[in-house]
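Accompanying notes for the structure given below.
All values below come from the heavy atoms of this structure, side chains included, with hydrogens, waters and symmetry mates left out. So that the names make sense, note that chain A is the first sequence line, chain B the second, and so on, each numbered from 1.
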Amino acid sequence: MKKEEYLELYRQMVLIRRTEERAAELYQQGKIGGFLHLYIGQEAVSTGLVAARQPQDRMITAYRDHGVAINVGLTAKEVMSELLGKATGMSKGKGGSMHMASVEKNFWGGHAIVGAHLPIAAGLALGDQYRGGDGVTICMFGDGATNIGYFHEGLNLSKVWDLPVLWVCENNQYGMGTAVERASAVSEIRQKAEGYGIPNERIEGMDVLEVKKAAEKALAYIREGNGPYFLEIMTYRFRGHSMGDPERYRESEEVDCWQKEDPIGVLHRWIVENKKATEEELKQIIADVEQEVEEAVEFAENSPEPAPEELFADIYAEEV
Amino acid sequence: MAVITVRQAISDALREEMERDENVFILGEEVGVWGGTYAVTRGFYDQFGEKRVRDTPIAESAIIGAAIGAAMTGLRPVAELMTINFAFSAMDHIVNEAPKLRYMFGGQFKVPMVIRAVGGGGRQLGATHSQTPDAVFAHFPGLKVVAPGTPEDAKGLLKAAIRSDDPVLFIEHATLYQWRGEVPEGDYVVPIGKSKVQRPGDAVTVVSYSKGLQLTMQAADALAKEGINIEVVDLRSLRPLDMDPVIESFKKTNRAVIVEEGWRSYGVGAEVAARLYEEAFDYIDAPIKRVAQKEVPLPYNRTLEQMALPQVADIIKAVKEVL
Ligand SMILES: Cc1ncc(C[n+]2csc(CCOP(=O)(O)OP(=O)(O)O)c2C)c(N)n1
Ligand SMILES: [Mg+2]
């Protein structure tokens, strides 16, 4: 990997972090409505996955989707505008935090019903298999999602049809306030993939380089026509499940402990220790991101509300 | 014009569309090797092969979910639910995913898919396997819901559904498969969202669709012998719902009966009646009547089951009451 590539991973993670920190403030000010699920702490996962993909590989994830949105190249302006419900958001202000997508960037959404996008991901992969393309669908979901039926139907179908899907469970240890052991019959979630005969692996998710490496290997395996692969990626969310989570289900020491492994800090140290860049260069990236996010907030705040006609637009593709 | 059954009409439409467009494929339980539980896809597996006629696990969410994903990539899946009663196991994907994706992402996605599902009572299958829950699905904007009652409409509407860029639920009725009727030669489509006068008359407007249409046509024959000529309007599509022919007819007759096989409460009849009150109040000369299923889970016993289902005699009685 070239120096610029490390710095780009770093920039993306800092951009996700800063965008979300600002979003949290805007939420407190009442400028963002609905649910807001922050990805803070988990940035290495989506950043590593997107860095590992080829342009023909589709991304699809759950409602904790700001990370993927930024990784695939949606701008901070588009993300911020969608959060504020503005016409300039990628979903025209009609999707909100949980529903970001971009066909152009091969990002098939943020999906808010837990687990429901897994069968849809199987269908996206079927689309590629049917046409003989070599794209892989990378489908991300939480640990909690592995307890709903859709997960099991989706995994089973993917193996029966040998679909090109990379299943990625982001095990952040909790589904809302329920710890994995309290909701899942097996706490090592990769064992569920074992049950469907899908090759699988559990990896650490706080080091973006490790995530990228594991994803590259998995994608190559799938691209050779071997069918699906399953990655369980161990990670942790530093913030509450969504805004206003009283966090009664965990001790602050546990959070502190994980924060020592902050994925941005991990990469920062790695870059400096391996002399890929200087502290100064990294500081400059942070400063640039800071400015980019401020501009995005300003842009979003000054953007127009969706026009009233938008209420009835895009219900159907055809005239009715 | 050839005379064929509804089953044949559906089968022909599917086959012709698959021959016309490589992107059309079928998935569902027993659609392939078995030939379709209701024999609609008999011979398809041999003709088109396993890539385009895909047997699935018994996993309704996976069937509809995979169809949605494939449709988003530009394919045109026709997902068959063995019966509409199993749609509830895929409810999220049918009402909460397929109809929402385009709108929610600001028009970025198209979901050109068809869900074929057969429903209906009258075959002593008991309460879980005999339902006509059409109105439930028609409730959701973003989904198109069609339910043809004749071979001509079955063929033309299925073709329209497959060519539509939106998700369409195509509801069949198990006791209509053998119903025969004339079908135009060659390729044709029946537009989605257009009601049709199936039989002209002047006495009472009787609005129906699917199985209710068959019953209504039989009632019309009986009533004609007594000199009462009802006008039969077939909705064909439940969403979008085309009220124009209904209102036009109602302005002439000033009386309406609505016939559906589903339960009366919150049903298609309730919707049509409300629209008539809202949009044609000045033309009402008699209370609008509904003929529908009794409010019970459908029993197995043949006599009880028939007591619960709407009958030709109920339609005749309702027509006479509003005259
Ligand atoms: C079918 C369904 N049930 C419940 C919810 C409410 N809900 C939203 S997120 C969530 C927890 C999911 O946990 P997990 O899959 O681990 O993802 P994480 O939030 O940790 O990223 C729940 C219960 C939902 N959105 N969908
Ligand atoms: Mg979780």
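A donor-acceptor pair under 3.5 Å links the side-chain atoms of B/D166 to the main chain of A/E318, judged by distance alone. Side-chain atoms of B/Q108 come within 3.5 Å of backbone N or O of A/M90 as a donor-acceptor pair. Under the 3.5 Å distance criterion, the side-chain polar atoms of A/R131 are matched with a main-chain donor or acceptor of B/T73. Judged by distance alone, with hydrogens and angles left aside, the side-chain atoms of B/K51 form a donor-acceptor pair with the main-chain N or O of A/Y130 at under 3.5 Å.
Contact of A/E82 with chain B is not made at all, since no heavy-atom distance falls under 4.5 Å. Residue contact with chain B, scored on non-hydrogen atoms closer than 4.5 Å, is absent for A/T137. In this structure, chain A has a heavy atom under 4.5 Å from the side chain of B/N96, while its backbone stays farther away. For B/K100, no part lies under 4.5 angstrom from a heavy atom of chain A. Interface remark: A/L155 contributes no atoms to any contact with chain B (heavy atom separation under 4.5 Å). Contact of A/A313 with chain B is made through the backbone alone, with heavy-atom distances under 4.5 Å. B/S164 touches chain A through backbone and side chain together, each having a heavy atom under 4.5 Å away.
Smallest separation of non-hydrogen atoms from B/A70 and A/L126: CB-CD2, 4.3 Å. Contact detail for B/S61 and A/Y150: the closest heavy-atom pair is OG-CE2, 3.3 Å. In plain terms, the two heavy atoms of A/L124 and B/G69 that are nearest each other are CD2-O, 3.4 Å. The two atoms that bring B/R102 and A/A317 nearest to each other are NE-CA, 3.4 Å, heavy atoms only.
In terms of heavy-atom pairs under 4.5 angstrom with chain B, the leader among A/H117, A/M100, A/Q129 is A/M100. Most heavy-atom pairs under 4.5 Å with chain B: of the set A/A116, A/S91, A/G96, A/S102, this distinction falls to A/S91. In terms of heavy-atom pairs under 4.5 Å with chain A, the best-connected choice from B/D92, B/D242, B/I68 is B/D92. When each of A/A121, A/P306, A/A125, A/G110 is checked for heavy-atom pairs under 4.5 Å with chain B, A/G110 comes out on top. Among B/V111, B/D165, B/I63, the residue making the largest number of heavy-atom pairs under 4.5 Å with chain A is B/D165. Of all the listed residues (B/E97, B/R52, B/E22, B/M104), the one sharing the greatest number of non-hydrogen pairs under 4.5 Å with chain A is B/M104. Listed options B/I58, B/I64, B/L143, B/N23 were ranked by heavy-atom pairs under 4.5 angstrom with chain A; first place goes to B/L143.
Using a 4.5 Å heavy-atom threshold, the side chains of A/H111 and B/L101 count as touching. With a 4.5 Å cut-off on side-chain heavy atoms, B/L27 and A/W161 count as touching. Side-chain contact check for B/P57 versus A/L157: some heavy-atom pair is nearer than 4.5 Å. Under the 4.5 Å side-chain criterion, counting only non-hydrogen atoms from C-beta, A/V103 is not in contact with B/M72. Between B/I192 and A/Y316, the closest side-chain pair of non-hydrogen atoms is not below 4.5 Å.
Within a 6.0 Å sphere centred on OH of B/Y266, other residues, nucleotides and ligands contribute 12 heavy atoms or fewer. Heavy-atom neighbours of B/E248 CD from other residues, nucleotides or ligands within 6.0 Å: at or below the threshold of 12. Annotation for B/K194: atom NZ does not count as buried by contact number, only 12 or fewer foreign heavy atoms lying within 6.0 Å. Within a 6.0 Å radius of NZ in A/K86, more than 12 heavy atoms belonging to other residues, nucleotides or ligands are found. For A/E104, the CD atom is loosely surrounded, since the number of other residues' heavy atoms within 6.0 Å does not exceed 12. Other residues, nucleotides and ligands contribute at most 12 non-hydrogen atoms within 6.0 Å of the CD atom of A/E298. Other residues, nucleotides and ligands place more than 12 heavy atoms under 6.0 Å from the OH atom of A/Y196.
Annotation: cation-pi geometry satisfied between A/K94 and B/Y103 (NZ/CZ under 6.0 angstrom from ring centroid, within 45° of ring axis).
The aromatic rings of A/H99 and B/F105 lie perpendicular to each other, with more than 60° between the two planes, well past the 30° mark.
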